[in-house]
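The chains referred to below are lettered A, B, ... by the order of the sequence lines, with proteins before strands, and numbering in each begins at 1.
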Amino acid sequence: MPAQVEIRGKAAAGAVVVEAAMQGETMERQTAAGFRGCWRSSPRRPPLLVKIQGSSPVCPQTNRISVTDGYGFRAEVTAADSALIREVEQRTSETGKLWAAVEAIKGPRWYKRVPLPSLCGSVFGPRPGPGSEPAPRPDDGTSATRSPEATVAGIEVVGAAAAGGGGGGGGGGGELSSTPKAGLKLKFKAATVCFRHNSMVKKMVRKGVPARLRPEVWKTCSGAMRKKASMPPDYYQSLLREMEGRETAATRQIDNDLRRTFPGHPWLDTEAALRSLRRILVAYSWRETSVGYCQGMNYVAAYLLVVLRSEEDAFWVLTVLLEELLLTDCYSENLLGCHVEQRVLKDLLWKKLPKLSTHLKLIGFDVGLVTTEWFLCLFAKSFPTEMAMRLWDVLFNEGAKVLFRVALAIFKLNEPQIMKLMNVGDVVSLLQEFTSRAFDADALLKVAFDQIGSLPMSSIRRKRRYQQPAVITELKERLERCRVHPLNAIASCASGSRGRRRGEGPTSSPHPVPFRVCSVCVFASVGGGKRGKARFELSRVMEQGTRLRITMRRGGEGGKKKRKRDCTWSSEEEEEVRRRFWRTRMLGGEEKGLFSRESRQGESDVAIDTWHALPVATWHASTAATWHASSAATWRARDMEDVHECGGSCTTVFSRT
Amino acid sequence: MSRKRTLLKVIILGDSGVGKTSLMNQYVNKKFSNQYKATIGADFLTKEVQVDDKLVTMQIWDTAGQERFQSLGVAFYRGADCCVLVYDVNVNKTFDSLDNWRDEFLIQASPSDPENFPFVVLGNKVDVDMGHSRVVSEKKAKAWCASKGNIPYFETSAKEDLNVDNAFQCIAKNALKNETEEEIYLPDLVDVNGQRPQKSSACEC
């Protein structure tokens, strides 16, 4: 299969080992000495037991081995994959040792995050009095309630880590504020220490949390403990009591999904576990009635239950996940958040992998086809267990942006193959195959963190803010269309709708498409050194007789100066563009340096240096449905989005047929 | 100039738990399991089918059944050639929502000719309890299908492999019919199956 790039290479190396191993009987391997335990004997501690069933190891037809991982999830894998799994297990056990070593030095729960003290205030004017208590960072949602304790912990880390004369530095609070200058100095020191501490936590978590520590680390890093502590101790129980015996739409759906969550799992598919899972989901549906229950939450809750092994903890981590870590409304009645995240991902794809993004657009691939599952199940359904766990480790520590990083990494790793595919289905299966076989978490996370480039949370937030209104409008429109009597709705979709809406009566034309693309002229990267950085924005839609003319404006992005210049084509220019476009198409290739033009400001602004033979039909195929249906206004809005993503179509002329 | 596309896109819709995934798997892989996971978003399988001595590839898309997932429909429904509506003959509500699923599909996929867009209705799980727990009668279902423009109707059981092949054969046939009709309207389409765009010598506007 064409799915693997780097990962496969490593797998091949280990293939011999597994073949040898397969000769024997059941093989059991403890992944890390000291973390002993067995699935049944100690339910609170998940065992790290890799069981490759050697007695009937290879299915003769599919040549596959059944592997059960440390959390009891079974998978059918190829010999090469199982070698890879074992290699990864080896690495995991090394990481486990590292964590143990760090724990030995720093003590248990050393990974508690420490809020950075804000230094700005003191630099521009130290506050008088005991102002040395570092203020919690306002944007860090987890810091608010635990700052004093955590700060002390931070300074204790100085004592432990600085290993020297400064051992007593953390002691006296009075000493800290003796003079403003000394206070400032200490603040700096504390800030450095906090920063170092937090980046160490980040580094260690990215390496992977050993299964033994996972429950504690997840609860601590996600802020679930804090959330739990902020509520009355019997909060969860009281929620359950409230819901006892009630039947709502949510509970009906939950009951429908329980057995379909991870069927066949040795522990999750038992009555006791299903009851726990049900209680968690029901309690949440009652806590947040606007969300209720959404399919996908069942997988998330089940994973939490398997890892944390405590119903109440799982409930709190789920709560924190849905209410703080992920975008709100991700699971709400209209999946608003999910829509927004998908659009943000589309934007990011265009920014980080423009070629791929353009290609996907051309073949009519909507990222939602695969990412709905990724975002709603947080990859729990898509990835092998260990990979998903590693991702969740980082998710709890760093927040939702890791989802984007990993999604982008998946696309990046598959870019060469996707570029060759012209069918939406093929892309979907390629990605599904890839994710289901992503056993090497290190390889994928390495790409996600090191090769995607900078992806600050602020830019994601900005994109979310930008996309949210558009999504809301779109969802509203959909509701509007649904509210109309079904027959009317159908009529408005129907062939002569445009004519009818204008009161001209039904058209007799056999063609159902009101406007047909007769040319999509240019789709180009723009010259001037900043290739690939320019993008076009829709600036005008005009109806000229039987033609609908769309003009684009170039909006610079990427450079420091944001340039916006009008690049409307004059009719002669358009004619020229069209001529060249068709010529290019006839030649079936690319022509370079064909065309340059003056912008309104008189500067030679746009020089199209690459012409792609973009077939009209591709546009047709991918967007025809939209054109059929919608009114001019929605059509314009959608088209703008199309162009946006396509990354620079210059002139599109539609003619009425 | 007319394109030769042999890929048929079929969408399976219906309430959660009516057996969409099972039907698809029974048809494509010829096996039944009661261990399917709940579908999130969508998933698909393909199968080569012979329809009137023409070999076509059927791409069957299985979707999530919870109502809120309907808002994601546009991406999944785009370019569909046939839509399969599934309900559970043992649950009244799943039959009642067929209307909703149909309208939703027509609105979001906005096919070129909604009045004649091919639908097929499947009443699934007829095997349960030897048919004693059944609440939606065949007559009622057929009446509904007739009222919506003579939609073909099949009673199936994915578990017992009852009528599944027949149903999908009909689906393929109708999808193909829809396909060829579409060709007349959109003559300039290009094979999206990985073929090079067809060359054209002049703009046709």
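- Heavy atoms of B/F69 lying under 4.5 Å from chain A belong to its backbone as well as its side chain.
- Salt bridge present: B/E155 and B/R134 bring a charged side-chain N and a carboxylate O closer than 4.0 Å.
- Top candidate by heavy-atom pairs under 4.5 Å with chain B, chosen from A/N334, A/D269, A/T372, A/T261, is A/T372.
- A donor and an acceptor atom, one from each side chain of B/N124 and B/T156, are located under 3.5 Å apart.
- Between chain A and the options B/G73, B/G41, B/S33, B/A75, heavy-atom pairs under 4.5 Å are most frequent for B/A75.
- At a 4.5 Å heavy-atom cutoff, B/T46 makes no contact with chain A through either its backbone or its side chain.
- Looking at B/A42, only its backbone comes within 4.5 Å of chain A, counting heavy atoms on both sides.
- Ring pair B/F119/B/F105: centre-to-centre distance below 6.0 Å.
- Of the possible polar contacts, none joining the A/Q295 side chain to the B/I40 backbone as a donor-acceptor pair under 3.5 Å is found.
- Checked against ring-ring contact (aromatic ring centres under 6.0 Å, His included), B/F32 has no partners two or more places apart in sequence or in another chain.
- Only the backbone of A/S332 comes within contact range of chain B, with heavy atoms under 4.5 Å apart.
- Interface remark: A/Y293 contributes backbone and side-chain atoms alike to the contact with chain B (heavy atom separation under 4.5 Å).
- In this structure, chain A has no heavy atom under 4.5 Å from any part of B/E67.
- For A/L369, the parts lying under 4.5 angstrom from a heavy atom of chain B are both the backbone and the side chain.
- By the salt bridge (charged side-chain N to carboxylate O under 4.0 Å, His left out) test, A/D366 pairs with A/K346, sequence neighbours left out.
- When heavy atoms are compared at a cutoff of 4.5 Å, B/F76 approaches chain A by way of both its backbone and its side chain.
- Taking 4.0 Å as the cut-off between side-chain N and carboxylate O, B/K125 and B/E160 do not count as a salt-bridged pair.
- The most heavy-atom pairs under 4.5 Å with chain B, out of A/H339, A/R260, A/E333, A/K420, come from A/R260.
- With hydrogens and angles left out, the side-chain atoms of B/T94 and B/D96 include no donor and acceptor closer than 3.5 Å.
- Taking A/S429, A/C294, A/G368 one by one and counting their heavy-atom pairs under 4.5 Å with chain B, the maximum is reached by A/C294.
- Two residues are said to be in side-chain contact when any heavy atoms from C-beta on lie closer than 4.5 Å; A/F365 and A/V428 meet this criterion.
- If you measure heavy-atom distances from B/Q59 to chain A, the contacts under 4.5 Å come from the side chain alone.
- Within the 4.5 angstrom heavy-atom criterion, only side-chain atoms of A/Q253, from C-beta onward, approach chain B.
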